[in-house]
Amino acid sequence: MGLRVAVMGATGAVGREMLLTLEQRSFPTSSVKALASKRSAGKKLPFRGGEVVVEELTHDSFGDVEVVLASAGGSVSKEFAPSAVKAGAVVVDNTSAFRMDKDVPLVVPEVNPHDLDWHKGLISNPNCSTIQMVVALAPIHRAFGIQRIVVSTYQAVSGKGALAVQELKDQVEALRLGQPVQCNSFPYQIAYNCLPHIDAFEDNGYTKEEMKMVNETRKILGDQTIMVSATTVRVPVFRGHSESVNFQTRKPATVADIRALLEKAPGVKVMDDPKKSVYPTALDCDGRDETFVGRLRADPSAENAFNCWVVSDNLRKGAALNAVQIAEELMRRNLIPKAKK
Ligand code: NAP
Ligand code: 12T
């Protein structure tokens, strides 16, 4: 017994990781459909020791599907997710298209799995930067209440997709050869540089990526009073987002209290021993499932304030793994309509 699964955007950076995650977690499937644009139809992708042949995504792709894992971009989700829901499938959407809709649960399984109970066919996967931050902060919020977060991110190019990964490689090679660099995926050269610009700018001077961290954090933690200030920065790293997170609790807490909570928090691994220079880095987290936390320390500049460094693989916990975990939790809760017992 298994589910009939479709991966929308299967040829992309996230889609390929979805196939790998389904395989590595032995997710029970009876069939797996790889969907992408017409450009990729017929292409073969490795899966479970064999391969799946990519099919063109159409409105009729979902009749024989129970679960759709979508990561083909916001406009593609807006066009095709309603057809999948109409066909009775549950869609776990990785794009920002529906995240803030009132009728759509926004779920991190370690944090708010109960929100799956009210799904109407569509569930949103949060933004990669938000996911790893709330995995680390949720247990602290439950115990002490978090009133304010100030976060700066150091985000990998793979968050922007397969073409952006190639662009960083090409720029490094062009510079090595003394040739001019080409910029397509990013507004300026990303090789040997940092760009405080991820997704589009809004009228308030913040980027959409920064505002996702504000609004999604409140929705996932179910608390509209949490104040969040974010600066999101692209760095020349292939895989793994790092975050400098400053947070202030409502109730008094000590570093020891917070460390103890993080040590037993699901999905978290504490990697913190300053005397031995132990802290997580993006390279350590490549291909790993956990959210790593280090550099935990009190912030003496404000009351009940703390600093920490949070790192996770953006394609895994930030995208594919979180989506597959949502599908697993839906199965556990018997919330997949076509598969209901
Ligand atoms: P990517 O590497 O550029 O891949 C894009 C995928 O979408 C490819 O499979 C592509 O297929 C497919 N696609 C594009 N236009 C299509 C169309 N008109 N019809 C069908 N398929 C189409 O991008 P990615 O990094 O995997 O990201 C994909 C999306 O996932 C992003 O736009 C973003 O919304 C979301 N995402 C979310 C997170 C998160 O924070 N949770 C992280 C990263 C990405 P072809 O090969 O045929 O072009
Ligand atoms: N612009 O899913 O460029 O909202 O790293 C994820 C990653 C949007 C999203 C990126 C983005 C999303 C990026």
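Atom set for the values below is all heavy atoms of this structure, side chains included, hydrogens, waters and symmetry mates excluded. What you see is a predicted model, and the numbers here were worked out from it, not measured in a lab. Note that ligands are numbered from 1 as they come in the structure, with each ligand's atoms numbered from 1 the same way.
Below 4.0 Å from some heavy atom of Ala36 lie the following atoms of ligand 1, by number and element: 11 (O), 20 (C), 21 (N), 47 (O). Taking a cut-off of under 4.0 Å to the non-hydrogen atoms of Gly159, the atoms of ligand 1 that pass are 43 (C). Close contacts of ligand 1 with Thr95, meaning ligand atoms under 4.0 Å from a residue heavy atom, involve 34 (O). With ligand atoms numbered from 1 in the order given, ligand 1 contributes 1 (P), 2 (O) to contacts under 4.0 Å with heavy atoms of Ala162. When each atom of ligand 2 is checked for a heavy atom of Ser96 under 4.0 Å away, the hits are 4 (O). Taking every non-hydrogen atom of Asn127 and a distance limit under 4.0 Å, the qualifying atoms of ligand 1 come out as 40 (O). For ligand 1, the atoms lying closer than 4.0 Å to a non-hydrogen atom of Ala10 are 9 (O). Contact atoms of ligand 2 toward Lys212: 4 (O), 8 (C), 9 (C), 11 (C), 12 (C) (distance under 4.0 Å to a heavy atom of the residue). Atoms of ligand 2 lying under 4.0 Å from at least one heavy atom of Asn127, given by number and element, are 2 (O), 4 (O), 6 (C), 9 (C), 12 (C). Close approach of ligand 1 to Asn125 is summarised as follows: ligand atoms under 4.0 Å from at least one heavy atom of the residue are 41 (N).
Side-chain contact between His141 and Leu261: absent, with no pair of heavy atoms (C-beta onward) separated by less than 4.5 Å. Contact annotation: the side chain of Phe292 never approaches that of Gln132 to less than 4.5 Å [non-hydrogen atoms, C-beta and beyond]. Put simply, the side chain of Lys317 reaches to within 4.5 Å of the side chain of Val108, judged on heavy atoms. Between Val237 and Tyr154 the shortest side-chain heavy-atom distance does not fall below 4.5 Å.
Side-chain rings of His59 and Phe80 approach one another, their centers coming within less than 6.0 Å.
The CD atom of Glu243 lies 9.0 Å from the CH2 atom of Trp309; values are rounded to the nearest 0.5 Å. How far OG1 of Thr207 is from NZ of Lys212: 7.5 Å, rounded to the nearest 0.5 Å. With rounding to the nearest 0.5 Å, the separation of CZ in Arg259 from CZ in Phe306 is 11.0 Å. A distance of 10.5 Å separates CD1 of Ile326 from CG of Asp115, quoted to the nearest 0.5 Å.
What sits closest to atom 7 (C) of ligand 2 on the protein, heavy atoms only, is Gly159 O, 3.3 Å. Atom 4 (O) of ligand 1 has its closest protein heavy atom at Gly12 CA, 3.1 Å. The nearest protein atom to atom 23 (O) of ligand 1, hydrogens excluded, is given as Gly161 CA, 3.8 Å; this is a heavy-atom distance. In this structure, the protein non-hydrogen atom closest to atom 45 (P) of ligand 1 is Ser40 OG, 3.2 Å. Of the protein's non-hydrogen atoms, Cys128 N, 2.5 Å is the one closest to atom 40 (O) of ligand 1. The closest protein non-hydrogen atom to atom 28 (C) of ligand 1 is Ser71 O, 3.0 Å. For atom 44 (C) of ligand 1, the nearest protein heavy atom (residue, atom name, distance) is Val14 CG2, 3.6 Å. From the protein, the heavy atom lying nearest to atom 48 (O) of ligand 1 is Arg39 NH2, 2.9 Å. When only non-hydrogen protein atoms are considered, atom 5 (O) of ligand 2 lies nearest to Arg234 NH1, 2.9 Å.
Side chains of Arg48 and Thr29: a donor on one and an acceptor on the other come within 3.5 Å. Donor-acceptor pairing under 3.5 Å is lacking for the side chains of Asp60 and Thr58. Judged purely by distance below 3.5 Å, without hydrogens or angles, the side chains of Thr225 and Arg250 pair a donor atom with an acceptor atom.
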Candidate pair Gln155 and Thr232, rule side chain to side chain contact (heavy atoms under 4.5 Å, CB included), full reasoning: CA-CA 7 Å; Gln155 297 185 218; Thr232 58; 3.5 Å; yes

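Salt-bridge formation is detected for the pair Glu328/Arg25: a Lys NZ or Arg NE/NH1/NH2 atom is positioned less than 4.0 Å from an Asp or Glu carboxylate oxygen. Between Asp286 and Arg239 there is a salt bridge, with a side-chain nitrogen of the basic residue lying less than 4.0 Å from a carboxylate oxygen of the acidic one. A salt bridge between Glu329 and Arg333 is present, with a side-chain N of the basic residue lying under 4.0 Å from a carboxylate O of the acidic one.
In terms of polar-atom proximity, Gly318 is counted as a contact of ligand 1, with an N or O under 3.5 Å from an N or O of the ligand. Considering backbone and side-chain atoms alike, Cys128 places every N or O at 3.5 Å or more from each N or O of ligand 2.
Selection from Thr11, Asn94, Val76, Leu57 by nearest heavy atom to atom 36 (N) of ligand 1 gives Asn94. Here the shortest heavy-atom distance to atom 13 (N) of ligand 1, taken over Gly74, Ala34, Ala72, belongs to Ala72. Counting only non-hydrogen atoms, the option in Ala13, Ala97, Pro126 that gets closest to atom 2 (O) of ligand 1 is Ala13. Between the choices Ser77, Ser37, Ala164, Gly73, the shortest heavy-atom distance to atom 47 (O) of ligand 1 belongs to Ser37. Summarising the contacts of atom 9 (C) of ligand 2 with Glu209, Arg99, His241, the nearest heavy atom is found in Arg99.
Here Lys208 has no heavy atoms under 4.0 Å from ligand 2, in either its backbone or its side chain. With a 4.0 Å heavy-atom cut-off, ligand 2 is reached by the backbone of Asn94 but not by any atom from C-beta on. At a heavy-atom distance under 4.0 Å, no atom of Glu216 approaches ligand 2.
Within 6.0 Å of the CZ atom in Phe201, the count of heavy atoms belonging to other residues, nucleotides or ligands exceeds 12.
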